[in-house]
Amino acid sequence: MAGKGKSASASSSLRHRSTAGPSEPTKLEYENTQDDEHVDVVYQNPKDRNPIELLLESSKGSAIVVTILTALSFALRFYKINHPDQVVFDEVHFGKFASHYLTRQYYFDVHPPFAKLLFGLAGWFVGFDGSFTFDTIGDSYTTAHVPYVGLRALPAILGSLTIPVVYGIMKESGYSTVIAAFSAAILLFDNAHIAQSRLILLDATLIFFMTVTMYAYIRFRKLRYREFTTEWWTWLTLTGVFMACTWGSKVNGILTVFAIGFAVLIDLWDLLDHKKEGNTMEYFWRHFTARAIGLILVPFVIYLSFFWIHFKILSQSGPGDSFMSPAFQETLAGNEMLLNSKEIHYYDTIVMRHKDTKTFLHSHVERYPLTYADGRISSQGQQVTGYGHNDTNNHWKVIPTKALPETGRGRIVRNEDVVQLLHVNTQTHLLSHDVASPLMPTNQEFTTWAKDDHTRHNDTLFQVVLVNGGPNEAWKTKSGHFRLIHIPTKVSMWTHSEQLPEWAFKQQEINGNKNPTERTATWYVDEIVLEALEEDREEEKKPAKVPKSMNFFRKFGELQLLMVQHNAGLTASHPYASNPINWPFLLSGISFWTENDAKKQIYLIGNIIGWWTCTVALSIYIGILGADLLARRRGMDPIPDPVRNRLWNNTGFFLLVWAVHYLPFFLMNRQLFIHHYLPSHVASALIAGAVLNFVLSETINYPISLRGSKTKPKPSQYSDIGLKGPVILVGFSFVAFLMFIFLAPLTYGTPGLTGEQVNSKRLLSTWTLHFAAKLTGDA
């Protein structure tokens with residue numbers, strides 16, 4: 001490649017002409033009419049190419065290569081897919097969710113529903129009735145007659161198709177067949193990707209749609225000189241569609257959205273450059289609007305549609321009910337709140353429970369001590385505590401503070417009514433005042449006051465505020481979640497899990513939280529133990545209740561918030577959790593399944609040849625960019641512009657995808673596992689191919705598409721890597737395949753290995769394999 005000046009940019013208008021003598025090298029010369037500079041792209045004469053190169057770079061040769069890669073991919077991922085015939089690792093979750101779709105029972109999960117909907121569809125297709133509940137790792141599929149192979153086939157198919165998509169990404173980026181096959185081979189023989197693709201797990205779906213999103217975006221960018229054509233719009237829209245599928249497959253699919261978003265922002269920033277011909281603001285806004293439609297509106301609508309289908313199918317009460325709000329639960333047929341919630345009337349005797357801790361609001365005759373351990377003085381009032389068991393000291397009567405009609409619905413307690421709560425056993429009213437609580441000096445004490453003593457009447461007034469309640473809405477048992485706000489001081493009745501000392505029988509403290517809207521200060525009425533005016537309740541004796549309706553967007557918003565909260569709350573320790581800094585070096589894996597009798601195990605670990613190759617390639621690539629920046633800073637130009645443009649733009653896009661899918665995990669406090677790195681590993685395999693091409697070749701398969709031109713010349717797919725490339729590809733694939741075979745017993749869970757054989761598979765001391773023999777000198 002010989003180059004003068006800058007390469008043609010996305011916004012430049014181009015002219016081209018070709019010159020070639022009978023035996024001369026073919027030369028395509030491009031003129032950047034904006035900058036009045038030339039870029040010459042020289043391809044070697046076809047007569048100088050050897051037959052292997054000619055075959056590989058022909059369309060027939062490329063088709064043969066991708067067919068071989070795809071066939072091997074299917075073979076490796078479907079090999080013994082029926083083993084083990086037991087629930088493995090997170091199949092306990094995602095298989096169970098597929099069952100819930102078939103039985104239509106509502107469930108809750110931190111991940112969006114698209115991939116799980118596909119599992120449900122696959123289960124329906126193979127005749128699964130959803131009766132198997134996937135309760136425990138090791139439960140037998142065969143005994144329960146579960147068509148589990150059909151469920152596992154879905155991720156196996158998507159995982160297999162990821163290999164030709166990766167190949168296609170590299171070919172569409174202008175790399176040779178050999179380089180494209182090299183990147184695909186890294187993933188083809190990777191044990192971690194194979195193990196993850198053979199089970200009822202989400203990652204194969206996530207990675208497949210991430211790669212097709214990248215493929216579609218690259219196809220879209222290649223049409224940048226033919227903007228607003230039908231083909232341009234097609235690939236723009238497909239990028240948005242596949243991006244939505246990635247986002248909808250798993251919660252970290254949002255990282256793909258960010259990666260494409262960053263690339264689009266860079267693209268739009270370039271379109272704002274007024275120095276480039278044709279970059280008017282009108283032109284910019286046309287492009288901005290098109291991308292807003294294709295990459296924001298389209299994916300968001302599709303993402304919403306996944307949840308619309310999710311809610312439509314899961315119309316029955318199920319194990320996920322308790323995560324949702326009362327209003328949401330009442331939309332589910334057969335839900336306890338829908339069937340058993342009753343309107344609360346004044347003078348009803350009720351039992352109240354804290355929503356989060358499930359403790360009962362309780363009181364007894366014992367009083368607070370005169371002084372606490374820190375020397376503070378108490379009111380010595382009657383104790384009000386949280387008690388874990390239901391007894392008669394949990395009974396409270398609702399007393400009105402306004403005039404009531406003799407009968408009828410006017411006696412129902414409603415949202416924002418002011419009430420008194422009478423403790424039935426001691427005949428005292430609930431009271432709060434400006435005295436510090438026993439365990440939290442910043443919060444307010446709760447006690448009670450004799451009902452016949454009216455000197456502190458105002459301190460016994462509380463407002464019932466229903467969570468998300470409408471004006472005049474009736475207070476109900478089960479579904480009527482509420483906050484109890486003290487009228488004079490505006491504190492909200494609250495509790496926490498810390499226990500009081502022995503003088504309160506180690507029950508929970510009840511105190512007043514000074515934030516009246518505190519989310520955790522939420523209570524509900526568990527039951528009405530004694531109804532007032534039984535004769536006035538005939539109107540409530542109606543036929544069975546039907547599910548209520550709830551706006552889709554309210555349901556969607558509530559579920560999104562819960563998904564974020566619960567995903568962030570996955571902070572418990574796990575024996576196979578790992579730190580992101582370890583992932584590129586393959587320092588640890590995950591035990592998926594063991595069978596003690598036969599000493600078999602599935603251990604998720606990658607092919608160390610491929611992973612370390614990718615890590616080295618990443619280091620080399622970043623070093624090349626750094627050296628190039630430093631050289632240009634000193635006035636040197638060691639890399640031709642076309643080669644530099646590919647390094648910064650095309651390979652830079654791969655680096656962007658890698659970084660966006662990897663670096664955010666350093667900011668997370670939740671449980672993290674090596675499988676979270678698999679999307680970034682795919683991107684690193686693409687970078688590895690690009691780096692190999694940079695090392696071996698000086699040829700750029702220049703993208704030729706002319707904006708506004710009816711002609712569409714195609715670039716040569718020839719690469720000047722000669723026989724070096726095929727030799728490296730074959731050699732690397734052979735070594736990677738040998739390593740794959742070496743680790744295969746850990747990937748497929750068969751055959752069983754002796755302790756000494758397990759030790760031989762433990763290539764790094766940090767791999768925590770089962771059944772390993774004790775080594776001499778071990779502690």
Side-chain angles (χ1 to χ4, degrees), residues 76-95 134-143 148-149 152 155-156 189-201 203 572-579 582-583 585-612 671-678 735-779:
L76 295 178
R77 283 152 180 79
F78 275 88
Y79 174 71
K80 290 191 175 181
I81 197 171
N82 62 325
H83 178 81
D85 64 342
Q86 299 174 11
V87 177
V88 177
F89 194 54
D90 277 350
E91 287 186 335
V92 294
H93 301 303
F94 305 121
F134 297 85
D135 288 330
T136 308
I137 295 175
D139 285 352
S140 173
Y141 290 130
T142 304
T143 302
Y148 67 100
V149 173
R152 288 179 178 173
F189 298 118
D190 187 71
N191 299 73
H193 284 276
I194 292 172
Q196 199 77 12
S197 299
R198 301 175 68 258
L199 302 169
I200 309 171
L201 304 173
D203 294 83
S573 61
H574 192 283
Y576 293 101
S578 55
N579 192 296
N582 300 330
W583 298 343
F585 307 101
L586 208 65
L587 296 185
S588 62
I590 309 172
S591 177
F592 273 10
W593 170 85
T594 58
E595 188 175 90
N596 293 329
D597 294 340
K599 292 190 176 181
K600 297 178 180 179
Q601 61 183 300
I602 295 178
Y603 188 77
L604 181 75
I605 200 69
N607 187 318
I608 200 167
I609 300 297
W611 282 61
W612 285 9
Q671 293 173 354
L672 296 173
F673 302 92
I674 194 171
H675 63 73
H676 288 121
Y677 185 72
L678 293 180
V735 174
F737 178 71
L738 290 180
M739 179 58 67
F740 162 76
I741 294 297
F742 180 74
L743 296 174
L746 306 178
T747 303
Y748 295 108
T750 185
L753 303 175
T754 65
E756 289 72 19
Q757 289 173 325
V758 172
N759 283 341
S760 70
K761 308 295 181 185
R762 192 181 177 192
L763 299 180
L764 299 178
S765 61
T766 50
W767 293 7
T768 52
L769 300 178
H770 292 274
F771 313 124
K774 187 173 179 62
L775 298 174
T776 305
D778 282 358

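The first residue in the sequence is number 1, and the count goes up from there. The analysis underlying the following values was restricted to heavy atoms, covering all of them including side chains, and did not include hydrogens, waters or symmetry mates.
- For the residue pair His574 and Phe673, the shortest heavy atom distance occurs at ND1-CE2, 3.4 Å.
- Note: His770 and Tyr576 have tilted aromatic rings, judged against thresholds of 30 and 60 degrees for the angle between ring planes.
- Looking at heavy atoms from C-beta onward, Ile602 lies out of side-chain contact with Phe89 at the 4.5 angstrom threshold.
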(request) Take Thr142 and Gln86 through the test side chain to side chain contact (heavy atoms under 4.5 Å, CB included) and record every step on the way to the result. (result) CA-CA 8 Å; Thr142 304; Gln86 299 174 11; over 6 Å; no
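- Atom-to-atom distance recorded for Leu743:CG and Arg762:CZ is 14.0 Å, nearest 0.5 angstrom.
- A donor-acceptor distance shorter than 3.5 angstrom exists from the side chain of Asp190 to the backbone of Asn607, with no hydrogens or angles considered.
- Atom CG of Leu763 is separated from atom CD1 of Ile605 by 9.0 Å, given to the nearest 0.5 angstrom.
- The aromatic rings of Trp583 and His676 sit tilted relative to each other, their planes meeting at an angle between 30° and 60°.
- A distance of 10.5 Å separates CH2 in Trp611 from CG in Leu587, rounded to the nearest 0.5 Å.
- Taking CD of Glu595 as the start and OG1 of Thr750 as the end, the distance is 9.0 Å to the nearest 0.5 Å.
- Asn582 and Ser588 are not linked by any side-chain donor-acceptor pair at a separation below 3.5 angstrom, with hydrogens and angles left out of the test.
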(message) Working note: Lys761 + Val758, criterion side chain to side chain contact (heavy atoms under 4.5 Å, CB included); need CA distance, chi angles, decisive distance, verdict.
(response) CA-CA 5 Å; Lys761 308 295 181 185; Val758 172; 5.6 Å; no
(message) Please determine whether side chain to side chain contact (heavy atoms under 4.5 Å, CB included) holds for the pair Leu586 and Ile674, giving the CA-CA distance in whole Å, both sets of side-chain angles, and the decisive distance to 0.1 Å.
(response) CA-CA 8 Å; Leu586 208 65; Ile674 194 171; 3.7 Å; yes
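- Residues Leu604 and Leu746 form no side-chain contact, since every pair of their non-hydrogen atoms from C-beta on lies 4.5 Å or further apart.
- The two residues Asn191 and Met739 come nearest to each other via the heavy atoms OD1-O, 4.4 Å.
- Minimum heavy-atom separation, Pro155 to Leu199: CG-O, 3.0 Å.
- For the pair Tyr748 (side chain) and Pro84 (backbone), a donor-acceptor distance under 3.5 Å is absent.
- A donor-acceptor pair under 3.5 Å is absent between the side-chain atoms of Trp593 and the main chain of Ile137, judged by distance alone.
- No donor-acceptor pair under 3.5 Å is formed between the side chain of Gln196 and the backbone N or O of His193.
- Between atom OG1 of residue Thr143 and atom CG of residue Asp85 there is a gap of 7.5 Å, rounded to the nearest 0.5 Å.
- When each of Tyr141, Tyr148, Phe94 is tested with Phe134 by the rule ring-ring contact (aromatic ring centres under 6.0 Å, His included), just one qualifies, namely Tyr141.
- Between Val87 and Ile200 the shortest side-chain heavy-atom distance does not fall below 4.5 Å.
- With Thr136 contributing its side chain and Asp139 its backbone, the two residues share no donor-acceptor pair below 3.5 Å.
- Within a 6.0 Å radius of NZ in Lys599, no more than 12 heavy atoms belonging to other residues, nucleotides or ligands are found.
- Without hydrogens or angle criteria, Tyr603 side chain to Thr747 main chain gives no donor-acceptor distance under 3.5 Å.
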(request) Could you check Phe771 against Thr594 for side chain to side chain contact (heavy atoms under 4.5 Å, CB included), going step by step and ending with a plain yes or no? (result) CA-CA 9 Å; Phe771 313 124; Thr594 58; 4.1 Å; yes
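- Between Phe740 and Phe189, the ring planes lie tilted relative to each other; the angle falls in the 30° to 60° range.
- A pairwise comparison of heavy atoms in Glu91 and Leu201 identifies N-CD2, 3.9 Å as the closest pair.
- Although no hydrogens or angles enter the test, the distance criterion places a donor-acceptor pair under 3.5 Å between the side chain of Arg152 and the main chain of Ile81.
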